[in-house]
There are 2 protein chains.
Amino acid sequence: MASETRPPGKVGPARRRGLADEVADTVRAAIFDGTYPPGTQLRETELSAELEVSRGPVREALMRLEGEGLLRSGWHRGAVVVELSADDVAEIDSLRGALEHLAVQLAVEHASDEDLDTVARAADRMARAGDAHELAALDVAFHDAVYAATGHRRLQEAWNTIRSQVHLFLVSRIGVSVDGYLTTVPGEHRELAEALRARDTESALRLFADHREHALDVLTGRAD
Amino acid sequence: MASETRPPGKVGPARRRGLADEVADTVRAAIFDGTYPPGTQLRETELSAELEVSRGPVREALMRLEGEGLLRSGWHRGAVVVELSADDVAEIDSLRGALEHLAVQLAVEHASDEDLDTVARAADRMARAGDAHELAALDVAFHDAVYAATGHRRLQEAWNTIRSQVHLFLVSRIGVSVDGYLTTVPGEHRELAEALRARDTESALRLFADHREHALDVLTGRAD
DNA sequence: CGATGTCCGAATGTTAACATTAGGACATTC
DNA sequence: GAATGTCCTAATGTTAACATTCGGACATCG
């Protein structure tokens, strides 16, 4: 999602994007930066006027964001920015655990050294984060890199359906316990990256599980 | 997905559906029954004319089916019915394993007896299947019931993103090894249902894992 | 004869007008 | 005065016309 610079020697297809993608990115960013707080009604008409685009692409963008779990909607009832309850957070955490378990296994056993280097660089980048918002984005980007390293397309898609919700959760907790997050998280991710490079499945799995638990404790205020 | 009769005393909301849902159901069924074999190009214009509906709902339906992994599409390049390669099948199987692992844990530990009864009834229904097509649908429906028993909304959604692909795989293998499938699978599912009711996480997990492996062997022709 | 360039058709992407629906405001009834 | 019924409005659902783009057919050039 972060506009990656491509490794030299390789070029991907120069995809052309449509208005729907543009709108989706804009609205997603607006949700993350607090412009549309949880509970906000997103009306196709309003967005359409605001962004100077017809309702077609707006509609498509909202459908995509609903697929990412950022919006909820019903028949003839429009879209609303999700409010994550404690149960929701628990659901996200357990599902994320199941996906990441598989991801770590695959990354340790099948990922190329180059892919794991990319993961390591993503971890390094976290140390230079300016503020908590930036760190949250880099945090998610790190896990993106792990999933990318698996080479498992459907697993990445599954992660995509909750990664925005994870991001939203991180952002929503900024201000509650920034200190613990800012100080401990970058170091932890470097350890995670190294665990993958060590190619030891068991210990990597344990580290990732501990990391999730610790991060959840810090962000929910159960620990510092 | 099968139109369930509701348990007495409880009524859900009487939802109203749109044309997009109708179209999605129609096209999905057409893919499963072989009307649109893998590789078929689905043109918005054609479907629109065929179903006597404008392109809007058709477009929405195709997006949904793409989310279910039944179609692949690109910018200005329309939608094509997926052809499942051996790698695809492996991806589906591993992801399904990760999801089902969590599902079985949750079902064993938190599901109500009523929910597990529903799972058991789904297994019983498989014994009375007329043909392989029907059995495939009931097979998927059984696993639907397991995920429903977890009460984990996001886990069910994750299963939804691959259940159609699982169904398509089952249907695509009909004719290759019908016998082994028809004879062994219903009994296996009854065992699975009983394992959940026994509330023994470890043995249930092992049974479900063995079941997946065995089913895959049978359907890919590695065993009978 | 192979490679390159140009054109054209058929499909998707986008738009704006029209149809339908949910949910609330108001009036009505008992 | 509470419950019910009716209308109205603002939003979504649907449609059909218009714009853009992809990819192949054909012609041209080296």
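Scope of the values below: all heavy atoms of this structure, side chains included, with no hydrogens, waters or symmetry mates. Naming: A, B, ... by sequence-line order, numbering from 1 per chain.
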Ring pair (Phe, Tyr, Trp, His ring centres under 6.0 Å) partners for Phe208(A), two or more places apart: none
Atom-pair distance ([atom1] on [X]; [atom2] on [N]), nearest Å:
X        : N       : atom1 : atom2 : result
Leu19(B) : dT15(D) : CG    : C1'   : 11 Å
Glu46(A) : dA11(D) : CD    : P     : 7 Å
Leu51(A) : dT15(C) : CG    : P     : 11 Å
Gln41(A) : dA10(D) : CD    : C1'   : 11 Å
Leu47(A) : dA11(D) : CG    : C1'   : 13 Å
Glu22(B) : dT15(D) : CD    : P     : 12 Å
Arg43(A) : dT9(D)  : CZ    : C1'   : 13 Å

Using a 3.5 Å limit for the pairing distances, which stems of at least 3 consecutive Watson-Crick or G-U wobble pairs does DNA chain D take part in? C:1-30 with D:1-30
Hey, can you pull the donor-acceptor pairs under 3.5 Å for the side chains in residues 129-143 of chain A, sequence neighbours left out?
{"residue": "Asp131(A)", "atom": "OD1", "partner": "His133(A)", "partner atom": "N", "Å": "3.3"}
{"residue": "Asp131(A)", "atom": "OD1", "partner": "Glu134(A)", "partner atom": "N", "Å": "2.7"}
{"residue": "Glu134(A)", "atom": "OE1", "partner": "Gly130(A)", "partner atom": "N", "Å": "3.1"}
{"residue": "Asp139(A)", "atom": "OD1", "partner": "His143(A)", "partner atom": "NE2", "Å": "3.4"}
{"residue": "Asp139(A)", "atom": "OD1", "partner": "His189(A)", "partner atom": "NE2", "Å": "3.0"}
{"residue": "Asp139(A)", "atom": "OD2", "partner": "Tyr181(A)", "partner atom": "OH", "Å": "2.9"}
{"residue": "His143(A)", "atom": "ND1", "partner": "Glu100(A)", "partner atom": "OE2", "Å": "3.0"}
{"residue": "His143(A)", "atom": "NE2", "partner": "Arg96(A)", "partner atom": "NH2", "Å": "3.2"}
{"residue": "His143(A)", "atom": "NE2", "partner": "His189(A)", "partner atom": "NE2", "Å": "3.3"}

Quick check: do Leu216(A) and Val89(A) have side-chain heavy atoms less than 4.5 Å from each other? yes
Using a strict heavy-atom distance below 4.0 Å, which residues from residues 57-65 of chain B are in contact with DNA chain C? Arg59(B)
List for me each residue that meets side-chain contact (heavy atoms from CB on, under 4.5 Å) alongside Thr26(A), sequence neighbours excluded, and say none if there are none. Leu51(A)
Residues which pass side-chain contact (heavy atoms from CB on, under 4.5 Å) with His110(B), listed by chain and number, not counting sequence neighbours: Leu106(B)
Across all chains, not counting sequence neighbours, the side-chain hydrogen bond (donor to acceptor under 3.5 Å, both in side chains) partners of Ser48(A) are none
Could you pull out all residues at least two apart from Gln165(A) that satisfy side-chain hydrogen bond (donor to acceptor under 3.5 Å, both in side chains)? Arg154(B)
Considering only residues two or more places apart or on different chains, which pairs with a residue in residues 28-69 of chain A satisfy ring-ring contact (aromatic ring centres under 6.0 Å, His included)? Phe32(A)-His167(A)
Sorted by chain and residue number, the salt bridge (charged side-chain N to carboxylate O under 4.0 Å, His left out) partners of Glu22(A) (sequence neighbours excluded) come out as Arg17(A)
Check the phosphate of dA10(D) against Thr45(A), side-chain N and O only, distance under 4.0 Å to OP1 or OP2. Yes or no? no
For dG23(D), take OP1 and OP2 only and decide whether either is under 4.0 Å from a side-chain N or O of Arg77(B). yes
Tabulate below the donor-acceptor pairs under 3.5 Å that side-chain atoms of residues 69-82 of chain A make, not counting sequence neighbours, or state none.
{"residue": "Arg72(A)", "atom": "NH1", "partner": "Glu157(B)", "partner atom": "OE2", "Å": "3.3"}
{"residue": "Ser73(A)", "atom": "OG", "partner": "Glu66(A)", "partner atom": "OE1", "Å": "2.9"}
{"residue": "Ser73(A)", "atom": "OG", "partner": "Glu66(A)", "partner atom": "OE2", "Å": "3.2"}

Donor-acceptor check, side chain of Thr118(B) to backbone of Glu114(B), threshold 3.5 angstrom: yes or no? yes
Could you run down the sub-3.5 Å N/O contacts of the protein with nucleotides 16-21 of chain C?
{"residue": "dT21(C)", "atom": "O4'", "partner": "His76(A)", "partner atom": "NE2", "Å": "3.2"}

